[in-house]
Structures are given as C-alpha cells and as structure tokens.
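First the structure, in the form of structure tokens, and then the observations on it.
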Amino acid sequence: MTKRELEKILKANGWQIIAGAKHDMAVKDGTSTKIPIPRHKSDIPIGTANNILKDAGIKK
C-alpha cells in the first residue's frame, strides 16, 4: 500500500494529515491520538499499514 492510498483511507474516516519532520501525523478531532505515518518512496510494508489502520480504529 502506498502512502497516498493509506492517507486517502484515513481522510475518508475523518482523520487529518499534518506534515512533520520525518513522519506525517494523522490526527482526529476530539481525540488526543496522533498516529505517525512514515514517508516511503515505495510501498509501506503491509504490517505497518495494517497497524496504522488498527490504531485508527479502521477495519480493512
């Protein structure tokens, strides 16, 4: 899964993407949760992508 695809899924579920120094951060209004999203030029490893979606409360 590419970073762009992952961000599209997060945005569709109400998360905002904020640019950071080494990682972008996904944040959601009403929560204090910040989920780091790595910047990879190629695909994000499937395990990492699944963990990000799990932390966001999104079932794949």
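- Contact detail for Ala26 and Ile37: the closest heavy-atom pair is CB-CD1, 3.9 Å.
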*Audit row: Ile17, Leu10, side chain to side chain contact (heavy atoms under 4.5 Å, CB included) steps and yes/no*: CA-CA 8 Å; Ile17 308 302; Leu10 289 168; 4.2 Å; yes

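- Across Ile52, Asn50, Asn51, Ile46, a single residue satisfies side chain to side chain contact (heavy atoms under 4.5 Å, CB included) together with Thr48, and that is Ile52.
- For Thr2, the side-chain contact (heavy atoms from CB on, under 4.5 Å) criterion is met by Arg4, Glu5, Asp43, not counting sequence neighbours.
- Among residues two or more places apart in sequence or in another chain, the side-chain contact (heavy atoms from CB on, under 4.5 Å) test is passed with Asn13 by Ile9, Trp15, Ile58.
- Tracing side-chain contacts under 4.5 Å through hydrophobic residues (I, L, V, M, F, W, Y), one never reaches Ile44 starting from Met25; they form parts of separate clusters.
- Residue pairs meeting the salt bridge (Lys or Arg N to Asp or Glu O under 4.0 Å) criterion with at least one member in residues 6-26, sequence neighbours excluded, are Lys3-Glu7, Lys3-Asp24, Asp24-Arg39.
- For Lys28 against Gly14, the heavy-atom pair with the smallest separation is CG-O, 3.7 Å.
- Residues Val27 make up the rest of the hydrophobic cluster containing Ile18, defined by ILVMFWY side-chain heavy atoms closer than 4.5 Å, directly or through other members.
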